[in-house]
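Worksheet: one structure, shown below.
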There are 2 protein chains.
Amino acid sequence: MLRLTKKADYGLMALKYIAEHPEATALSAKDIAEAYHIPAQLLAKILQRLAKVGIVKSHAGMNGGYSLLKDPRKISAFEVIFAIDGPLFITSCFTHEGNCDLTNSCTIKEPLARVNETISSVLKNIHISDLVEEGRSRTVRELITIRATSGEKILQAT
Amino acid sequence: MLRLTKKADYGLMALKYIAEHPEATALSAKDIAEAYHIPAQLLAKILQRLAKVGIVKSHAGMNGGYSLLKDPRKISAFEVIFAIDGPLFITSCFTHEGNCDLTNSCTIKEPLARVNETISSVLKNIHISDLVEEGRSRTVRELITIRATSGEKILQAT
DNA sequence: CAAGTATACGACCGCTGGAGTCCGAATTCA
DNA sequence: TGAATTCGGACTCCAGCGGTCGTATACTTG
């Protein structure tokens, strides 16, 4: 019902991969792409965008590639997705300032904006350092249960 | 970054409208569409799908239309969106059973599935009765702050 | 310096899926 | 019977995603 673009997916995967290899000074887009079996050219464009935002640094030339510019614990999934896909909101007619062509008729927008904010905060609280850790330890199950109860708390507020 | 389809939007708006007019035995798709300035034919198809699932009842013939079949407090935004858009997940390669073509390479999927669950639970806890109320009273601001703190709780768990 | 490797970036394209339309049939009320 | 309405399939239109290509540029190494 809600879809994340493949580009954002690839971006997160690539960042995770780089974070997992701190010993390498730079990893080429080609190498990362081969590791995940995704098109190299596409991944390169994604990494370029991440470089523009300052999440990643690019090294041209031989033995070049990309390296993290920020602490993995400081890179949230939100900013990655934002950098790649741009600002898209859950409600179709929601701009940065929340304008709607039919302000009076779209009374649904307010509660949906709340949902939008919830999703944003969740994504902001997930960092690529989390992705690296979860690949090894099995804390995922616990987190899911925690997540479920917190969801109920939101309900009770209504 | 995450988009809800217009159809789902329209469906929620229509259900809210019907819930706001309990005195009417049946509201035609045309009437609802005109109230919100949305294409009537499209809304009709949306309501048909909601009728199939049992959320709404259809009355053919003159003075026909649609009426709620369930208590507005028992209709969650989740089931409405699910009925209209079908099962779409945040990760592109996530089926009902969670299969992925590259199981080993897509290590990102687990944490994203958690996000997916979070969104689901939030949507399950929003009912169209909430939409009706929020259109009048100003409880939205409070709810947003509550939501923000609960998001932080999810963070702390990591 | 020259060759080779990598990023940088814009142009391009196929295609899926969302948004919306059209039309004929069935149903019901006046 | 006729008007209003739902029902449902088929259809068009088009934006945007996913992906490719080609060229320019930057850097490293021999």
Side-chain angles (χ1 to χ4, degrees), chain A residues 1-11 13-14 18 24-34 36-67 69 81 84-93 101, chain B residues 1-11 13-14 18 24-34 36-53 55-67 69 81 83-93 101:
Chain A
M1 58 189 47
L2 290 167
R3 205 172 60 250
L4 199 59
T5 62
K6 268 190 179 177
K7 293 182 184 180
D9 245 10
Y10 293 163
M13 289 163 69
I18 298 175
T25 56
L27 291 166
S28 75
K30 194 185 167 194
D31 290 344
I32 303 174
E34 285 178 353
Y36 289 118
H37 307 100
I38 58 182
Q41 307 234 32
L42 181 58
L43 181 61
K45 302 190 77 166
I46 295 168
L47 287 169
Q48 285 165 29
R49 293 175 98 151
L50 294 178
K52 259 190 182 172
V53 188
I55 296 176
V56 131
K57 194 186 179 189
S58 65
H59 307 267
M62 261 193 80
N63 299 326
Y66 298 90
S67 59
L69 201 57
I81 297 168
I84 295 172
D85 285 339
L88 295 182
F89 299 90
I90 192 172
T91 49
S92 21
C93 62
D101 47 352
Chain B
M1 61 189 44
L2 290 167
R3 206 172 58 250
L4 199 58
T5 62
K6 271 189 179 177
K7 293 182 184 179
D9 246 9
Y10 294 162
M13 290 163 68
I18 298 175
T25 54
L27 291 166
S28 75
K30 194 187 167 195
D31 290 344
I32 304 174
E34 284 177 354
Y36 289 118
H37 306 100
I38 58 182
Q41 307 233 29
L42 182 58
L43 180 61
K45 304 192 77 163
I46 295 168
L47 287 168
Q48 285 166 28
R49 293 174 98 151
L50 295 178
K52 259 191 180 173
V53 187
I55 296 176
V56 132
K57 193 185 179 190
S58 65
H59 307 267
M62 263 194 81
N63 298 328
Y66 298 89
S67 59
L69 202 57
I81 297 168
I84 295 172
D85 285 340
L88 295 183
F89 299 91
I90 191 173
T91 48
S92 23
C93 62
D101 47 353

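The chains referred to below are lettered A, B, ... by the order of the sequence lines, with proteins before strands, and numbering in each begins at 1. Only a predicted model underlies this, so the values are computations on that prediction, with no experimental measurement involved.
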_If I take atom CG from residue B:Leu4 and atom CD1 from residue B:Ile84, how far apart are they, to the nearest 0.5 angstrom?_
8.5 Å
_Any side-chain N or O of A:Tyr66 below 4.0 angstrom from OP1/OP2 of C:dA8?_
yes
*Please report the closest heavy-atom contact between A:Asp85 and A:Ala8, naming both atoms and the distance.*
OD2-CB, 3.6 Å
_Between A:Tyr10 and D:dG18, is there a contact of a side-chain N or O with OP1 or OP2 at under 4.0 Å?_
no
*Give B:Ala51 one of three labels, base, sugar-phosphate or nothing, depending on what nucleic acid heavy atoms sit under 4.0 Å from its own.*
nothing
*For the pair made of CD1 in A:Ile84 and P in D:dG16, what is the distance, rounded to whole Å?*
18 Å
*Output every pair passing side chain to side chain donor-acceptor pair (under 3.5 Å) with a member in residues 25-34 of chain B, not counting sequence neighbours, ordered by first then second residue.*
B:Ser28-B:Asp31
*Send over the distance from A:Ile81 CD1 to D:dC17 C1', rounded to a whole Å.*
16 Å
_In whole Å, I'd like the distance from the CG atom of B:Leu42 to the C1' atom of D:dT12._
14 Å
*Can you tell me how far P of D:dC7 sits from NZ of B:Lys30, to the nearest Å?*
17 Å
_If I take atom CD1 from residue A:Ile46 and atom OH from residue A:Tyr66, how far apart are they, to the nearest 0.5 angstrom?_
10.5 Å
_Please encode protein proximity along nucleotides 23-30 of chain C as a string of B, S and -, counting only heavy-atom distances under 4.0 Å._
B---BBB-
*Expressed in angstrom and rounded to an integer, what is the separation of B:Arg49 atom CZ from C:dA19 atom P?*
11 Å
*asked:* Just verifying a value: how many Å separate B:Arg49 CZ and B:Ile55 CD1, rounded to the nearest 0.5 Å?
replied: 12.0 Å
*Side-chain N or O of A:Ser58 closer than 4.0 Å to phosphate OP1/OP2 of C:dA8*: yes
*Report the distance from atom CG of A:Leu43 to atom C1' of D:dC17, rounded to the nearest whole Å.*
16 Å
_What stems show up for DNA chain D when you take Watson-Crick pairs (N1-N3 plus N6-O4 or O6-N4) and G-U wobbles (N1-O2, O6-N3), both under 3.5 Å, and require three or more consecutive pairs?_
C:1-30 with D:1-30
_Nearest atoms (heavy-atom pairs only) where B:Ala40 meets B:Ala29_ = O-CB, 4.4 Å
*Of the nucleotides D:dG8, C:dT7, C:dT21, which has the atom closest to the B:Pro39 side chain?*
C:dT21
*For atom CD of A:Glu34 and atom P of C:dA6, their distance in whole Å*: 10 Å
*Atom NZ of B:Lys6 and atom CG of B:Leu42: how far apart are they, to the nearest 0.5 Å?*
9.5 Å
Could you pull out the protein-nucleic contacts involving nucleotides 11-18 of chain C (nitrogen or oxygen on both sides, under 3.5 Å)?
from	atom 1	to	atom 2	distance (Å)
C:dA11	N6	A:Lys45	NZ	3.0

*asked:* Among residues at least two apart in sequence or on other chains, which ones pass side chain to side chain contact (heavy atoms under 4.5 Å, CB included) with A:Ala14?
replied: A:Ile32, A:Leu43, A:Leu47
*Rounded distance (nearest 0.5 Å) linking atom CG of A:Asp9 with atom CD1 of A:Ile81*: 8.5 Å
*Tell me: CD1 of A:Ile38 to P of D:dG18, nearest whole Å?*
12 Å
_List the residues meeting side chain to side chain contact (heavy atoms under 4.5 Å, CB included) with A:Gln41, not counting sequence neighbours, and say none if there are none._
none
